[in-house]
Amino acid sequence: MMDIITGLGHYIVALSYGLYEFAMTIQLVEVTTANLTYLCLGGFIVAFTTVALLVREKLYLGECVLATAFGIAIGPSGGNIFNPRSWGDINDITLEVMRIVLATGVFSIGVELPKAYMLVNWKSLVFMIVPTMTFGWFISAGLIVALFPALNFRSALVISACLTPTDPILAMAIIMGKFAVKHVPKHLRLLLAAESAANDGLAYPFLTLPLYLTLEATTGSAVGKWLLVGCLYQVILGTVIGAVAGSAFRYLLRFNQNRGFIDHESFVAQYLALAVFVVGFCNIIGSDDLLAAFAAGTAISWDGDFNAQTENAVFASILDLILNCAAFIYIGAWIPFDKFTAADLGIAPWRLIVLAIALIVARRIPALLLLQRFVPDLRNWREALFSGHFGPMGVGAVYISTLALTKLPKASDPPASQAEQLSATIQPIVAFIVLCSIIVHGLSIPFFNLGRHVRTMSHTSPWTETSTSKFRAR
């Protein structure tokens, strides 16, 4: 039997080599960037989905951690098979890839919230978002200034604005996993999902204020532009556009459903179509596209009817899986490892490591422990501590830092101004923090589960039981 298998293997290898030689002879083999992208993305998804049940429900690992590791392995710092930086303008490409992943992600969260959730839980969300983000923004900026003296406080505020929001893609991959569903209360999972979707869009005011202060001639013009553009035009208008679009589509879909003009598949298609439509419109007029997408998702499912129509939809889960894998493979290949050591910019690995540890500890946990009594959905200090820890930084941080980079002047070598210094350092710092967050937050659940198993084994081990019985006998 082994001889047959061995012979078959030799035959397949010989046949493959023969076909390859034939293809090369007639010039059929063509290795292009597009072909390599399809090969890498498709290959990872095929490999992951064949063991998805084992990885997700036994090891409690999501696709984000594995996709990032795969991206690093095939990226410029690994096998150099998949290199987004060779495709063209890396900032434009990164911005659009992250934008579409975030838009569909926050729209999906808005859709899946219970009906009128934002109205019923407004107090919890306000305290979870506004003071917590503000606290994290200033704390992060202070840490950045302390560790990177070449940056002034305004520049540090720009970088901290990228790191302040909770990433909805990574957060959902963690808090909606099997372990979290089993051990984390539903009200807490819903709160973290809504917060992560809303605060990515609300990062715009935190980003635009220090940007305008850096780029505008006077403080007065910077503050005025921030209030008019950063707050009113982008945040308020974006929210209104999303809410109006979502409400209009909700009534339109109900009208068409009552008259038999729409089928189940068309309802499910709105997951992608409406999110892309709203993002496209807001980009044209320069408004907040992420907040608009979340508002549209919340509005379209406000009465729960859209939820009921798409409750058992498989397409949405498949879409999330493909986009999540693509985004984190891209991030893994995008991470600029070669820029984590840049003495002329004041960047050193030890500084980045200290910053990552300090941010994970101080960015959210102290604020939520202090605000716990004002947040009805945080019912005890343990829930506040859990919510403070699970504030991952991922796709959103990459998107916002790239958006900031498109507004800054191109850095010369060495940087000639503080704006150029910020332009040169923003992405290395953000990329390292994102990598650490993916590792720490992505592996938190497996470590929690391992700790539970260790405690269970220690409580039920024969030595413990014997020792206990002897102690009682005495």
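Here the structure is a predicted model, which is why all the values come from computation and not from measurement. For the numbers below, each heavy atom of this structure counts, side chains included, while hydrogens, waters and symmetry mates do not.
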Could you go through residues 78-92 and list every donor-acceptor pair under 3.5 Å that involves a side-chain atom there, pairing it with any protein atom two or more places apart or in another chain?
from	atom 1	to	atom 2	distance (Å)
Asn83	OD1	Arg85	N	3.2
Arg85	NE	Trp334	O	3.3
Arg85	NH2	Trp334	O	2.6
Ser86	OG	Asn83	O	2.7
Trp87	NE1	Asn83	O	3.2
Asp89	OD1	Asn91	N	3.1
Asp89	OD1	Asp92	N	3.4

Return all side-chain donor-acceptor pairs below 3.5 angstrom for residues 237-252, not counting sequence neighbours, or 'none' if the list is empty.
from	atom 1	to	atom 2	distance (Å)
Thr239	OG1	Val235	O	2.8
Ser247	OG	Ala243	O	2.8
Arg250	NH1	Ala299	O	2.3

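Between Asp344 and Pro414, the closest side-chain pair of non-hydrogen atoms is not below 4.5 Å. Pro415 has its side chain within reach of Leu345: a pair of non-hydrogen atoms, C-beta onward, lies under 4.5 Å apart. Residues Lys339 and Ile347 are not in side-chain contact: their nearest non-hydrogen atoms beyond the backbone lie 4.5 Å or more apart. Looking at heavy atoms from C-beta onward, Asp289 lies in side-chain contact with Tyr204 at the 4.5 angstrom threshold. Ser160 has its side chain within reach of Leu157: a pair of non-hydrogen atoms, C-beta onward, lies under 4.5 Å apart. Considering only heavy atoms from C-beta on, Leu113 comes within 4.5 Å of Phe294 through its side chain. When side chains are defined from C-beta on, Phe148 counts as touching Arg351, because their heavy atoms get closer than 4.5 Å. Considering only heavy atoms from C-beta on, Leu151 comes within 4.5 Å of Ile159 through its side chain.
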Start with the C-alpha distance between Met393 and Arg363, add both sets of side-chain angles, then the distance that settles side chain to side chain contact (heavy atoms under 4.5 Å, CB included), and finish with yes or no.
CA-CA 11 Å; Met393 297 157 278; Arg363 172 173 148 264; 3.7 Å; yes
Could you check Ile353 against Phe432 for side chain to side chain contact (heavy atoms under 4.5 Å, CB included), going step by step and ending with a plain yes or no?
CA-CA 8 Å; Ile353 293 170; Phe432 186 86; 3.7 Å; yes
Val65 and Ile438: side chain to side chain contact (heavy atoms under 4.5 Å, CB included), yes or no, with the steps?
CA-CA 6 Å; Val65 176; Ile438 291 171; 4.3 Å; yes
Would Ser77 and Ile335 count as a side chain to side chain contact (heavy atoms under 4.5 Å, CB included) if you check the C-alpha gap in whole Å, the side-chain angles of each, and the deciding distance to 0.1 Å?
CA-CA 9 Å; Ser77 301; Ile335 294 174; over 6 Å; no
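Screening Lys407, Lys225, Arg154 for a salt bridge (Lys or Arg N to Asp or Glu O under 4.0 Å) involving Glu216 leaves a single residue, Lys225.
For the atom pair CD1 of Ile100 and CG of Leu323, the computed distance is 7.5 Å after rounding to the nearest 0.5 Å. The line from CG of Asp200 to OG1 of Thr166 is 8.0 Å long, rounded to the nearest 0.5 Å. Rounded to the nearest 0.5 angstrom, Tyr399 OH and Ile331 CD1 are separated by 14.0 Å. Atom-to-atom distance recorded for Phe44:CZ and Leu66:CG is 5.5 Å, nearest 0.5 angstrom. For the atom pair His389 NE2 and His441 NE2, the distance stands at 4.5 Å (nearest 0.5 Å). Put simply, OH on Tyr117 and CD on Glu112 are 13.5 Å apart, with the number rounded to the nearest 0.5 Å.
Heavy-atom minimum distance, Thr425 versus Pro428: O-CD, 3.3 Å. Scanning both residues, Ser387 and Met128, for their nearest heavy atoms gives CB-CE, 4.4 Å. Here the closest heavy-atom approach between residue Leu215 and residue Pro409 is recorded as CD2-CD, 4.2 Å. Contact detail for Val158 and Pro210: the closest heavy-atom pair is CG2-CB, 3.5 Å. Nearest heavy atoms, Met98 versus Val395: SD-CG1, 3.5 Å. Shown here for Ser155 and Gln418, the closest heavy-atom pair between the two residues is OG-OE1, 2.8 Å.
Between the Thr49 side chain and the Val46 main chain, a donor and an acceptor come within less than 3.5 Å of each other. In this structure, Asp167 contributes its side chain and Gly396 its backbone to a donor-acceptor pair below 3.5 Å. A donor-acceptor pair under 3.5 Å links the side-chain atoms of Trp226 to the main chain of Pro205, judged by distance alone. With hydrogens and angles disregarded, a donor-acceptor distance shorter than 3.5 Å links the side chain of Ser301 to the backbone of Gly110. With Thr402 contributing its side chain and Val398 its backbone, the two residues share a donor-acceptor pair below 3.5 Å. At distances below 3.5 Å, not a single donor-acceptor pair connects side-chain atoms of Ser423 with backbone N or O atoms of Ala419. The backbone N or O of Ser412 sits less than 3.5 Å from a side-chain atom of Glu420, completing a donor-acceptor pair. A side-chain donor-acceptor contact under 3.5 Å links Ser287 to the backbone of Gln234.
In this structure, Trp137 and Phe206 have perpendicular ring planes: the angle between them is above 60°, well past the 30° mark.
Applying the ring-ring contact (aromatic ring centres under 6.0 Å, His included) criterion to Phe337, with sequence neighbours excluded, gives Phe340.
Under a cut-off of 6.0 angstrom, the local environment of CZ in Phe281 is sparse, with at most 12 non-hydrogen atoms contributed by other residues, nucleotides or ligands.
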